[in-house]
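Note on naming: letters A, B, ... go to the chains in the order of the sequence lines (proteins, then strands), and numbering restarts at 1 for each one.
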Amino acid sequence: MRYDFNQIEKKWQDYWAKNETFKASNTSDKPKYYVLDMFPYPSGAGLHVGHPLGYIASDIYARYKRHKGFNVLHPQGYDSFGLPAEQYAIQTGQHPAVTTEANIKTYRRQLDQIGFSFDWSREVRTSSPEYYKWTQWIFIQLFESWYCKVHNQAFPISELVKVFENEGNEIIDAACDDNVEVFTASDWNSFSSVQQQEILLQYRLTYLAETEVNWCPELGTVLANDEIVNGVSERGGYPVVRKKMTQWSMRISAYAERLLQGLDTIDWTDALKDIQKNWIGKSVGASVTFNVIQSESEESHKIDVFTTRPDTIYGVSFMTLAPEHELVSQITTEAQKAEVEAYIEKTAKRSERDRMADVKTISGVFTGAYAEHPFSKAPIPIWIGDYVLASYGTGAVMAVPCGDQRDYDFAKHFNIDIPNIFEAVDISEEAFASKDNVTIANSDFLNGMNYKKATKRAIYELEQIGQGEGKTNYRLRDAVFSRQRYWGEPFPVYYVNGMPQMIDKAHLPIVLPEVEKYLPTEEGEPPLGRADVWAWDTKNNKVVSNDLCHSEQSEESHNGVYPLELNTMPGWAGSSWYFFRYMEDAMRDETFASEDALKYWENVDLYIGGSEHATGHLLYSRFWVKFMKDRGFIGVDEPFKKLINQGMILGTSAIVYRISGTKTYVSKGLKENHKVEEIRVDVNIVNASDEIDVEKLKQWQPQFKDAEFILEEGNYIVGREVEKMSKRWFNVVNPDSICEQYGADSLRLYEMFLGPLEQYKPWNTAGITGVHGFLKKLWKLYVGQESLNVNDVEPTKDNLKTLHKTIKKVEEDIENFSFNTSVSTFMIAVNELTAQKCTSKKILEPLLVLISPYAPHIAEELWQKIRNESSISTAPFPKFDPSHLIESSKNYPISFNGKMRFTMELPMDMSKDDIEAAVMAHEKTIAQLDGRAPKKVIVVPGKIVNIVG
RNA sequence: GCAGGAAUGGCGAAAUGGCAAACGCACUCGACUUAGAAUCGAGAAACUGAGAGUUCGAAUCUCUCUUCCUGUACCA
């Protein structure tokens, strides 16, 4: 009987689907275990062999946990809202829902053929209304909440309103906008409804505000900070400019400290935690208020700055404001006005990218105004400069040129005084920025103190005069939540008198309307501005035609019909909570996930996905989870207990060399004699020895059809280059063809065999014959020409030794996510058992369970053949018995000065002294020593003998 | 600049203080075959990026340097 993998794999995939083998139950006596993959965006290109890497790893772990007696939840779904489908829709006019559906079909077929143990009954799609109903619902909850800094927790906004009604807002310490005005209870009660709503917006966890956003004109939408890479859009690489727009934002900054602290409670890699830590960017220091020295006609102004070095307060010799700072226009003197305005105009024109590209050029302008030093009362010139960012801190700095290199460079450039406030430090060449070994000088009450002491004292003194306090600052900004796109979740929001109103939960979902084109309107409104039926009828609670709504007229004539929000939600909305949706299987209509389901599954035990989501999805999810916990919707504080980033599988591109100006291609070994151009060709027509099939190449593209080829030894050898797998390099390998040619089990084993999971590694299809050959050997161990090789004979000592060392190693490997070494272990085990001619069921049965997570199809087939039972999927994992590994003797390596010279077989239970005696008596020892007396003999029983001298 | 990670045969890698290179690809030779593929058997190769230290013993621990990768960047 032959190993017919195509037939076997199809058979078991059908079996698993039909019997719902991997359906998880929400009620079980078994302990739960939740294994999750980052769900894919279903792109039109389908999967290539790089994509399933993480899915295979998580599938092995999920299957292993089932063998270990866990009730495993291992679901899969689609992050199916997104830009590519929309771009495609713009080009072709096809509805994104249609192309998305088609892409999902392809993905499902490709995933199924690899034999994953997903519970598909719990599938989610972020773009389906039954799912985004709950995304909209969570948005409403955020809108209806505020964050109390005293309790460090989010509460319903209704509670805040009660406080306002009774006590005003002075006693409230909330995460809110900076410019909130203080009011009393009677003020509040006298405010109009619109005024009250405006104030509440400043407290809500999702709020509408005019903010400076990252506008990408090419994409026609705003982008969040994590969607911008090196000043251009992550998707497409288009320029990004600053623009003021009214947008929904998420007050994630309220959670900065908890997002930081929470990292200590989860099992993620340090690398990933560091990325999030840097992104949150906590810095501890002080806020200091400087009074602007006013001339008689002016009103008084104050400038707040944030500094991490309040100890250097006496080193301040100027201040710098960001050009966008609101005070600039008010404090600039008449004499400096023209120069300042010219500078502002110049910097505003520079894109973010230009500004980043050219950090070395120092530029700035004096405003003509002076601030007063809080202690010395000395006048301090106020400058503006674009090295100060409007978006960080207060957009203003107290410049201490002796202690900060940027301030130093600025001062040097503009000939500003650089007072030295450090004892015995030379600052003639550069600033002294260190916090260690500092002694403050020329600083009045701070003289002689070190950094720590001086910082404490400076803050204390500032507090005494009411011009500062200790403060912690975070780099993390609130996240823009509006996108001017079509293919995303609509907001459950309509507007009355310009104020946003939430639609009641009972009327969700608000379904994405039809539009005739997916582009912005001529007036520059988002695509939803093209929808004809996109107004909210508050009387009938449904979406109605825009004709019924007359926004220009008075409130009465609206007839209760109001315009709906035209923006849609960003890609990260749906992915910030989907892991809870999988938990629910039966009551998806009534709730995002039922209490019982949430209580049983808690959170994700193991999450596998790419590290590119470090500052996006992985941070936003943690934020939403903390919020939902605060509001009592869930019971956990973190979504993902353990997280592993799988590395990327790279392509191995194939290169042919065309002699310049000719149609002749020269083999790699002969190219040195010619001037050549490198041309990448399809990797799928190159064999393991880097020889290309010239005939196939001629058919592949017309440019090769009548080309000449200079061969070496009868073959054309290609060059190789490891780079990202991409269509443009022709190095994409499709899992479909691998499964067809070698089978899913081979694909699974090979992806794991390539190297450590976390590492980047190149794919080379040629190598798959190694693991494929292993599977054939495995098959032959169990199945002979005519009949099965498996019988009830008692296992030999060697058989047991092989089995148990394999159990030990594989179990350790899976627990450590070291799947590559397990595959080698299987190879060794099968090689040994084949050599031992092992036929014992007591060996071959447990071996199948070990292999089953990795190569489930062949394991199922052989299991059925030898046990006549259905599925291996929940067979108990074999138990390791160390007694089978105990050796009676050890082949000791005998070293001289650390170099191994020969080995010697000695009993395991021999004493140290006896070993030494035996080794010293050995003829080779005597020969090695050549008459010298050894200085020392180190004997480590069971390990090694080392003779020094 | 800052933070994190990596460096071992021709290639992917293993070994986490004790016989460096297990396992696989590629390579060479042989068997089977009309031939190829497949299969089986045999074999060669390479001293852990550089330097120092700790140790009886270092790929593994410590320090210095080099190169590469990832993230981040006028963050006050």
Residue [X], side-chain heavy atoms: nucleotide from [options] that is nearest:
X	options	value
A:Asn946	B:rA13, B:rG57, B:rA3	B:rG57
A:Pro893	B:rA76, B:rG18, B:rC19	B:rC19
A:Ile828	B:rC23, B:rA14, B:rU39	B:rC23

Contact under 4.0 Å: A:Gln276 side-chain N or O vs B:rG71 OP1/OP2: no
Presence of A:Lys776 side-chain N/O under 4.0 Å of B:rA38 phosphate oxygens OP1/OP2: no
Between A:Glu887 and A:Lys801, is the closest basic N to carboxylate O distance under 4.0 Å? yes
Assign each of A:Lys777 and A:Asn891 the nucleotide of RNA chain B bearing its closest heavy atom; nearer the 5' end lies the nucleotide of A:Asn891
Ring centroids only, cut at 6.0 angstrom: are A:Phe410 and A:Tyr408 within range, meaning strictly under it? no
Nearest whole angstrom, please: distance from the P of B:rU39 to the NZ of A:Lys780. 8 Å
Without decimals, in angstroms, what is the distance between A:Lys724 NZ and B:rC69 P? 14 Å
Donor-acceptor pair, distance only, cut-off 3.5 Å: does the side chain of A:Lys412 make one with the backbone of A:Asp407? no
Whether A:Arg622 engages the ring of A:Trp268 as a cation-pi pair (distance to the six-membered ring centre under 6.0 angstrom, angle to the ring normal within 45°) should be assessed. yes
